[in-house]
Structures are given as C-alpha cells and as structure tokens.
A.B. asks: 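Got a structure for you, questions after.
Chain letters run A, B, ... following the sequence lines, proteins first, then strands; residues in each count from 1.
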Number of protein chains: 2
Amino acid sequence: MPAKLSAGYGTMTLTAKPIQHHYAYHQIAEEIQAQILRGDLKPGDQLPGEAELGVMFGVTRSTVREGLRQLESDGLVHRPSPRRLEVTVPQADQLTTRAGRAMALMKVTFRELWEVTMVTEPLAARLAAQHATAEEIEQLQHLHADLLASEGQMARTIALDEQFHTRIADMGKNRVLGLAREPIALLLFRGFAKIAPFAPQFYKRQIEAHSNIIAAFRDGDSERAEKWARMHIEDFWRGAQLAGLEDAIALSPRAVT
Amino acid sequence: MPAKLSAGYGTMTLTAKPIQHHYAYHQIAEEIQAQILRGDLKPGDQLPGEAELGVMFGVTRSTVREGLRQLESDGLVHRPSPRRLEVTVPQADQLTTRAGRAMALMKVTFRELWEVTMVTEPLAARLAAQHATAEEIEQLQHLHADLLASEGQMARTIALDEQFHTRIADMGKNRVLGLAREPIALLLFRGFAKIAPFAPQFYKRQIEAHSNIIAAFRDGDSERAEKWARMHIEDFWRGAQLAGLEDAIALSPRAVT
DNA sequence: TTATGCCTTATTGTCGGACACTAAATGCAA
DNA sequence: TTGCATTTAGTGTCCGACAATAAGGCATAA
C-alpha cells in the first residue's frame with residue numbers, strides 16, 4: 001500500500017509507493033507465491049528440493065532457503081517433515097497468532113476489543129442458531145458442563161470459555177467471522193482473568209447466559225440466541241468497568257508463544 | 001493446536017501435539033521475537049548486524065539470516081535500508097494482505113463476507129459519529145466528492161469506495177475494528193466490480209447512502225449513521241443477489257500483489 | 001500374501017569463507 | 001557550520017562441504 005504524505009499544501013496528497021528492491025530471495029518468494037495464488041500450485045502440491053529450485057531460479061541454495069523461510073512463515077508452504085516441502089493454505093491459528101501479536105504490540109485497550117466483540121459474538125450466536133446441527137449443540141452442551149465443573153480453576157475456566165465461544169462461531173459456518181473474531185476474543189476473554197477476582201457474582205451470570213444461548217440453539221431461535229449473546233458480552237463489560245479496566249491495555253504476551 | 005484423532009474406539013480421543021524441532025534458525029527467530037514481545041526490545045530499537053548476532057547466538061551468519069527472514073515476514077523487524085535492521089510493530093496492511101490471501105485461498109463466499117460486513121460497517125459508522133473531528137468529516141466529504149466525480153470509471157470508483165469505508169473505520173478510533181474489517185471489506189467491495197454491471201441504479205443509492213452517513217456524522221447522530229451504514233450494506237447485498245453472487249467465491253488474486 | 005526391519009541415498013540443516021556493492025560514518029574542504 | 005570526497009563496515013549473494021536423517025527400496029519374517 002502506498003504511503004500517504006500530506007504536507008500543508010492545500011489538499012494536495014502525494015502518494016508514492018515505496019520502490020521495491022529486487023533481492024533474489026525476495027523475488028523467489030514472490031514468484032512462488034504468485035504461482036500459488038494464481039492456482040498453478042495447489043495446496044498439497046509438493047515442491048522440488050532446494051537444490052533443484054536453485055538451478056531453476058538460477059541462484060544458490062542459500063538464497064532459495066531465505067526465500068522459502070519467508071513463504072514458510074507466510075504460511076503458504078510448510079514442511080510436514082524436513083524432507084517434504086508442500087504448498088498449503090494458511091492456517092487459521094497462524095493468522096490468529098499474528099493478529100494477536102500485532103494487537104498486543106499496538107497496545108489496544110479493552111474498550112477497543114469489547115466494542116468489536118459486542119458485534120461479533122451476537123452475530124456468531126445468530127448464525128449458529130441458524131446452522132447448528134443437533135450433534136454440535138450436544139457437544140456444546142458437554143463443553144458447558146465441563147465449564148461448570150471447572151469452577152474455581154481460573155485458568156481452566158478461561159480456556160473453556162474461550163472454547164465455548166469459538167465453538168459457537170464455528171457452528172455458524174462462517175469462516176470469515178471465525179478468522180476475524182478469534183484473535184480479538186482471545187485477548188478479551190483472557191482479560192477475564194483480571195476481572196474475575198473483582199466480580200465473583202459474574203460467574204453465575206455467565207453460566208446463565210451460556211445456558212440460555214444453548215437453549216436458544218435448541219429452539220433454532222436466532223433472535224434469542226443473539227440477544228443472550230449480547231447480554232453476555234455486556235455483562236462482561238460491566239465486569240471490566242468494576243475492575244477499572246476499560247481503557248487498560250490488553251496485552252497478553254503469552255497469547256502468542 | 002494439537003491434532004485430534006478419533007478412531008472408532010468408543011469415545012476415546014487421542015490428542016497428540018506434533019513434536020516441534022528446534023532448528024537453530026527457528027530458535028533465533030523465536031528468541032528475538034520473545035524479547036520483542038516481552039518488551040526487552042522496543043519498536044525502533046536497532047538490532048546488531050548479522051555477523052554479530054551470529055556470534056551472540058553461536059551460529060553462522062547464514063543461519064541468522066534465515067531466522068531474520070522469518071521475523072521480517074512476520075513484520076516484527078524491518079529494514080528501512082539494507083543497513084538498518086530495526087524492531088517494528090506489525091503494519092496493518094501486512095496483516096490485511098495475509099488475511100486476504102488466506103480468505104482467497106479458503107475460497108470464502110460473498111455471503112460469508114457480507115454477513116460479517118453487515119455488523120462491522122454499521123459499527124464503524126457509529127463509532128465514527130461519536131469520535132470524528134470536524135476536520136475528518138471535511139476530508140470525508142472531499143473523498144465523497146471525488147467519488148462522485150469518478151462515475152463511469154469502475155476501477156477508480158471501487159478504489160474510492162474502499163477508501164471511503166476505511167476512512168470511516170479510522171474515524172472511529174478503534175484499531176481492532178480497523179484491523180478486523182479491512183481485509184473483509186477489501187474482498188467484498190472489490191466484488192462490486194462484478195455486481196455493478198447488473199445494477200446501474202445501485203450507484204445512485206450508494207451515493208445517497210454515503211451522503212446520509214456524512215450528514216449523520218455532522219450531527220453527531222450515531223444512531224442514524226449506523227442505520228444508513230446498515231442500509232448501505234444491505235443494498236450491496238441486493239446487488240449481489242441480482243448478480244447471483246451470493247454463494248460465489250470471492251477470490252481476488254490481485255488483492256495481494 | 002502382508003508386515004517388519006535394515007540399508008542406501010537423496011536432502012536437509014548448518015557451517016565457513018569469499019566477494020562485490022553500497023549505505024553510513026568519517027574526514028576534509030569551503 | 002555546510003558540502004563533498006573517502007573510508008568502512010555490513011549486506012546480498014555465491015561456493016563448497018559435511019553430518020544427520022527421512023524416504024524409499026530391499027530383504028526377511030510372519
């Protein structure tokens with residue numbers, strides 16, 4: 001994306017895309033990536049060895065390797081074993097990790113996370129109510145039971161709560177929503193650890209909300225599912241307010257490693 | 001994330017996290033990343049040269065380089081010039097690119113994009129109405145004028161429309177929303193190119209919606225801004241329906257390169 | 001036959017050294 | 001001080017090499 005630079009010259013805006021170098025390793029990564037995006041290389045395809053790639057591109061193995069390292073961390077290729085190098089579609093958890101890291105480094109606040117979560121979770125619940133299968137609802141019920149059983153074990157409770165919400169998002173069968181909400185929900189819910197001590201009574205409210213959401217799923221009542229999800233997240237916010245965390249920074253270094 | 005393997009043995013479920021190797025280059029990337037996340041290295045800090053890093057970690061320069069390439073494409077470090085290697089916070093457009101690529105490769109449908117956009121854009125509008133400065137609204141007005149002037153030039157119209165929405169999101173001062181919606185909006189709006197030919201009359205509706213949104217901003221009326229944003233996106237959907245694109249795959253190879 | 005263990009071989013991960021090129025630091029002139 | 005020339009350190013790329021080992025082939029056992 002071109003960098004925009006607006007100096008005080010009227011409404012003039014100079015956009016200049018930074019000139020890109022032509023480093024060999026970069027070109028190699030670029031070229032292979034292009035072939036993947038173009039569909040010439042499909043997920044699952046195996047790539048030639050490093051040496052062979054070297055001769056194909058007319059560079060040394062060292063150079064090829066640097067390019068591959070980039071593609072690798074881009075998630076476009078991966079090595080099931082050191083010997084196999086195959087094309088793959090970027091994994092969701094990888095994107096989640098990156099986004100989470102970025103948000104942590106940007107020092108986003110709980111408010112920012114919450115504002116977005118306020119729309120994503122209700123949407124997830126609504127979609128789930130529309131698309132969930134009986135079996136999925138059953139599984140969710142199990143998860144809920146586990147969560148009930150985890151009372152007192154903070155870490156476990158949080159992990160299960162995260163899972164609960166992620167599961168709901170998955171039930172909605174919308175991969176875009178799944179991708180978008182995951183890193184956000186992760187950071188936000190993880191903050192629950194800081195809130196919980198301030199508000200023991202919220203635990204019960206959370207449980208109640210979960211129950212009602214599940215019930216709404218059973219009835220295929222998307223309106224109700226959405227409403228309870230919204231209340232659920234609102235509740236969360238009240239907890240954050242009590243804890244005075246509204247504009248606190250939601251960093252979670254461990255959300256990554 | 002551990003791979004789950006449930007063979008037909010009752011309800012037994014074996015979970016096994018794939019063992020991870022400890023390649024030197026990977027460890028180096030890992031270590032530096034950890035120091036960044038931990039805050040030992042702050043954005044802007046300059047890192048030692050490759051050779052020096054080599055001796056510090058007790059490996060060859062080649063090995064260091066491979067590690068750096070990873071960090072580089074993770075966006076945690078970058079080179080303003082080949083000589084400077086400094087810590088940086090991941091840039092939004094980098095994440096956008098990633099996510100966009102991933103969604104394209106996942107072959108997400110317009111429906112999936114739209115369902116999410118239906119909640120993100122209204123939220124963006126509401127937040128913008130609350131936080132926008134007079135100057136920002138002024139700039140948005142200019143952008144709108146440019147958009148009006150671009151009638152007929154499909155590519156330009158789309159680009160400006162994208163900008164219009166992104167600008168609104170920025171005005172809401174919520175970086176999380178900005179990060180989450182950008183790749184989605186990009187893919188969706190870019191699909192407008194396919195819709196437009198089917199629905200010339202929609203152009204006017206879009207313009208009208210934009211005008212109303214700006215007006216709502218002027219009045220600081222977040223409700224109205226949100227409502228118009230929602231209608232705006234709904235309109236878009238109707239266009240998609242006319243074009244029969246609801247479950248079409250929204251790939252955008254060029255969204256990347 | 002199928003399955004199991006062994007062996008060979010192709011590749012990887014890492015190393016060390018080398019060299020051209022150039023950005024940045026340095027010194028010098030104005 | 002500012003502007004220019006010069007040195008220098010560090011990057012991008014290449015070459016060659018070697019231990020370790022996963023993959024595939026082969027032989028043996030069940």
A.B. asks: For the helix from C/dT1-D/dA30 to C/dC28-D/dG3, what angle separates the axis at the start from the axis at the finish, each from five pairs, in steps of 10°?
C.D. replies: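 About 30°, once rounded to a multiple of 10°.
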A.B. asks: How many Å lie between CZ on B/R84 and P on D/dT11, as a whole number?
C.D. replies: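 One finds 12 Å between P of D/dT11 and CZ of B/R84, rounded.
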A.B. asks: Quick one: A/L68 CG to D/dT13 P, roughly how many Å, whole number?
C.D. replies: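 Atom-to-atom, A/L68 to D/dT13, this comes out as 14 Å.
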A.B. asks: With the threshold set at 4.0 Å, does a side-chain nitrogen-carboxylate oxygen contact exist between B/R167 and B/E136?
C.D. replies: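 Salt bridge: no.
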A.B. asks: Among residues 42-54 of chain A, which ones have heavy-atom contacts with DNA chain C below 4.0 Å?
C.D. replies: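 By residue number: A/G49, A/E50.
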A.B. asks: Under 4.5 Å between any side-chain heavy atoms of B/E115 and A/V176, yes or no?
C.D. replies: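 SC-SC contact between B/E115 and A/V176 ruled out.
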A.B. asks: Can you find a pair of side-chain heavy atoms, one from A/E31 and one from A/F57, that are under 4.5 Å apart?
C.D. replies: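 They are in side-chain contact.
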A.B. asks: Would you say D/dG12 has OP1 or OP2 under 4.0 Å from some side-chain N or O of A/S62?
C.D. replies: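 No, outside the criterion.
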A.B. asks: A/T63 near the nucleic acid: base, sugar-phosphate alone, or nothing, with a heavy-atom cut-off under 4.0 Å?
C.D. replies: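 Sugar-phosphate: the residue A/T63, judged by heavy atoms under 4.0 Å, touches backbone atoms but no base.
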A.B. asks: Say you draw a straight line from CD1 of B/I32 to CD of B/E30; how long is it, rounded to the nearest 0.5 Å?
C.D. replies: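 Separation between the atoms: 11.0 Å.
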A.B. asks: Could you tell me whether A/S81 contacts a base, only the sugar-phosphate backbone, or nothing, with contacts defined as non-hydrogen atoms closer than 4.0 Å?
C.D. replies: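 Here A/S81 touches the backbone only, sparing every base.
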A.B. asks: Are the side chains of B/Q33 and A/R101 in contact, using a 4.5 Å heavy-atom criterion?
C.D. replies: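 The answer is yes; the side chains approach within 4.5 Å.
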A.B. asks: Apply salt bridge (charged side-chain N to carboxylate O under 4.0 Å, His left out) to A/R69 and A/E72, showing your working.
C.D. replies: CA-CA 5 Å; A/R69 288 286 105 76; A/E72 224 168 295; 3.4 Å; yes
A.B. asks: What is the distance from CZ of B/R65 to C1' of D/dT13, rounded to the nearest Å?
C.D. replies: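 From B/R65 CZ to D/dT13 C1': 8 Å.
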A.B. asks: How about B/H78 and B/E86: do any of their side-chain heavy atoms sit closer than 4.5 Å?
C.D. replies: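 They are in contact (side-chain heavy atoms under 4.5 Å apart), so the answer is yes.
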A.B. asks: Do A/Q70 and A/H26 have side-chain heavy atoms sitting under 4.5 Å apart?
C.D. replies: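 With C-beta onward as the side chain, the pair touches.
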A.B. asks: Are any non-hydrogen side-chain atoms of B/L68 and B/R79 less than 4.5 angstrom apart?
C.D. replies: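 Yes, side chains in contact.
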A.B. asks: Please report the distance, rounded to the nearest Å, between CD1 in A/I28 and P in D/dT13.
C.D. replies: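 That distance rounds to 8 Å.
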A.B. asks: Can you find a heavy atom in the side chain of A/I137 that is under 4.5 Å from one in the side chain of A/M171?
C.D. replies: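 In contact.
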A.B. asks: Can you measure from CD (B/Q35) to CG (B/L41) and round to the nearest 0.5 angstrom?
C.D. replies: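 Between B/Q35 CD and B/L41 CG, I get 5.0 Å after rounding to 0.5 Å.
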A.B. asks: Name the residue closer to the 5' end of DNA chain D, choosing between A/P82 and B/L85 according to the nucleotide with the nearest heavy atom.
C.D. replies: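 Closest to the 5' end, via its nearest nucleotide, is B/L85.
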A.B. asks: Do the side chain of B/R61 and the base of D/dG12 come within less than 3.5 angstrom through a donor-acceptor pair of N or O atoms?
C.D. replies: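 Such a pair exists between side chain and base.
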A.B. asks: Mind checking which nucleotides bracket the chain A contacts on DNA chain C, 5' to 3', with an atom under 4.0 Å from a heavy atom?
C.D. replies: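 The contacted stretch runs from C/dA10 to C/dT14.
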A.B. asks: Round to the nearest Å and state the distance from A/Y25 atom OH to D/dG12 atom P.
C.D. replies: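 Taking atom P of D/dG12 as the reference, OH of A/Y25 is at 5 Å.
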A.B. asks: Within this structure, what is the OH-to-C1' distance between B/Y23 and D/dT21, rounded to whole angstrom?
C.D. replies: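 Value for this atom pair: 9 Å.
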A.B. asks: Using a heavy-atom cut-off of 4.0 Å across all strands, would you classify B/G67 as base, sugar-phosphate, or nothing?
C.D. replies: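 Result for B/G67 = nothing.
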A.B. asks: With a 4.5 Å cut-off on side-chain heavy atoms, are B/K173 and B/L127 touching?
C.D. replies: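 Side-chain contact under 4.5 Å: no.
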A.B. asks: Nearest-Å distance, CD (B/E86) to P (D/dG10)?
C.D. replies: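 Going from B/E86 (CD) to D/dG10 (P), I get 16 Å.
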